[in-house]
Protein chains: 2
Amino acid sequence: MANQRADARRNYERILEVAGTVVAEQGTQASLREVARRAGVGLGTLYRHFPTREALLEVLLRQRFDGLADKARSLEDSQDPGAALEQWLRQFLAGSTTYRGLAASMLATIEDEASPLHASCHAMREAVGRLLTRAQEAGRVRSDVDRTDLFALVSAIGWLSDQAPAMADRADHLFGLVMDAVKA
Amino acid sequence: MANQRADARRNYERILEVAGTVVAEQGTQASLREVARRAGVGLGTLYRHFPTREALLEVLLRQRFDGLADKARSLEDSQDPGAALEQWLRQFLAGSTTYRGLAASMLATIEDEASPLHASCHAMREAVGRLLTRAQEAGRVRSDVDRTDLFALVSAIGWLSDQAPAMADRADHLFGLVMDAVKA
DNA sequence: ACCTGAACACCGTTCAAGT
DNA sequence: ACCTGAACACCGTTCAAGT
């Protein structure tokens, strides 16, 4: 990392920066060719740094997961565990609708034990697990619901928001329904 | 329709038949080139009969919607309106997980007033609307839930099933949670 | 070490040329 | 009237050639 050539490091950073922009514009299916083009870099250079599209997306996702993990930890002291969990899930939903395909990418990464982001996800999963356990112990959430159910249902609402503006408009309502489903 | 050339009609039927197979194998994103190839037809012929991928999928979807509309009508006489609605939604879910991308296509078509399948969808929507109203009048379903909420939530579970085997494995459980969400 | 872009094998879509 | 496939403009991915 530290001992790589300066141009290589610059290219890496530049690709990531441009990828962030292009993915925000076009979603996770954005053209990698266009990323290379706009980064002013050869196509091979992009592939050298990020062998797969996943590898590129994963780096973009890492900050997102770390931020969500921090948020979960900061909510652990809340006096109202039910509200704390709901607040965190709402933040997760908001984050997963930033661009098209993100909800699917996040869900895939969360459930992928082999992902390079496993450490980062693990921290987030653990923190959310504690929020969930506390909410369940307070009798606010059904005991037959686990973390994965929550990630799945909220990601699904994120996906719905991608499908049509009419769906995005009722995302709040659907989120409310799902929260009611989960409550004890 | 009736006065078209015999070869044209044969091609139309052949393309549809092959498209059904290929889409079942590869999902809604299947290569149209491969459909034409396997149908033994020029690429231009496929485009002449089906100007867009949507046009092709729509024909494949039509039978599905008609079948679901029939099913809804047959459930209208049930003594248990809550169970009838749930049974129909379960069938909708089963149907929407037949191949990858189907849940998204169905949801898009249902919500698209301009679709050529509008008539077909309309019949289904009306029938489901009656099932829903009866369930609500029987006090079994929340009054703040509409048809679109149901289509959205169940399609979302269909989408989840596409994302990973682990999700497909818990589709029943998630369906149960959503049903509880919707109940009065 | 690292970068570059041509090369390959695919797409979707259009349209001139055929029958 | 309809069919065909070459042509065009894109992809993702690899890799020989350069610095």
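A quick note: this is a predicted structure, and the numbers were derived from the prediction, not measured.
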- Item | Base-pairing mate for dT19(D) - Watson-Crick or G-U, with both contacts under 3.5 Å | dA1(C)
- Task: Could you tell me whether the phosphate oxygens of dC2(C), OP1 or OP2, come under 4.0 Å of any side-chain nitrogen or oxygen in His49(A)?
- Result: no
- Message: If I take atom CZ in residue Arg9(A) and atom P in nucleotide dA1(C), what distance separates them, rounded to the nearest angstrom?
- Response: 17 Å
- Atom CG of Leu89(B) and atom CD of Gln91(B): how far apart are they, to the nearest 0.5 Å? 10.5 Å
- CA sep, side-chain torsions, deciding dist, call: Gln87(B), Lys71(B), side chain to side chain contact (heavy atoms under 4.5 Å, CB included): CA-CA 10 Å; Gln87(B) 198 185 326; Lys71(B) 177 73 176 172; 3.4 Å; yes
- Note on the structure: Heavy-atom closest pair (Thr28(A) atom, Ser105(A) atom, distance to 0.1 Å) is CG2-OG, 3.6 Å
- Query: Taking OP1 and OP2 of dC2(D), is either one under 4.0 Å from a side-chain nitrogen or oxygen of Asn11(B)?
  - Reply: no
- Now, which nucleotide makes the Watson-Crick or G-U wobble pair with dC11(D), with each of the two distances under 3.5 Å? none
- Query: dC3(C) C1' sits how many Å from Tyr12(A) OH, rounded?
  - Reply: 18 Å
- Task: Show the numbers, then the answer: is there a side-chain hydrogen bond (donor to acceptor under 3.5 Å, both in side chains) between Thr21(A) and Arg38(A)?
- Result: CA-CA 10 Å; Thr21(A) 308; Arg38(A) 278 163 68 163; 5.6 Å; no
- Candidate pair Phe65(B) and Ile110(B), rule side chain to side chain contact (heavy atoms under 4.5 Å, CB included), full reasoning: CA-CA 9 Å; Phe65(B) 284 128; Ile110(B) 290 171; 3.7 Å; yes
- Item | Per-nucleotide protein contact string for nucleotides 8-19 of chain C (B base, S sugar-phosphate only, - none; heavy atom under 4.0 Å) | ---BBBBB----
- Query: Can you say whether the rings of Phe151(B) and Phe92(B) are parallel (under 30°), tilted (30 to 60°) or perpendicular (over 60°)?
  - Reply: tilted
- Message: Nearest to the Val41(A) side chain among dT4(C), dC3(C), dT4(D), which nucleotide is it?
- Response: dT4(C)
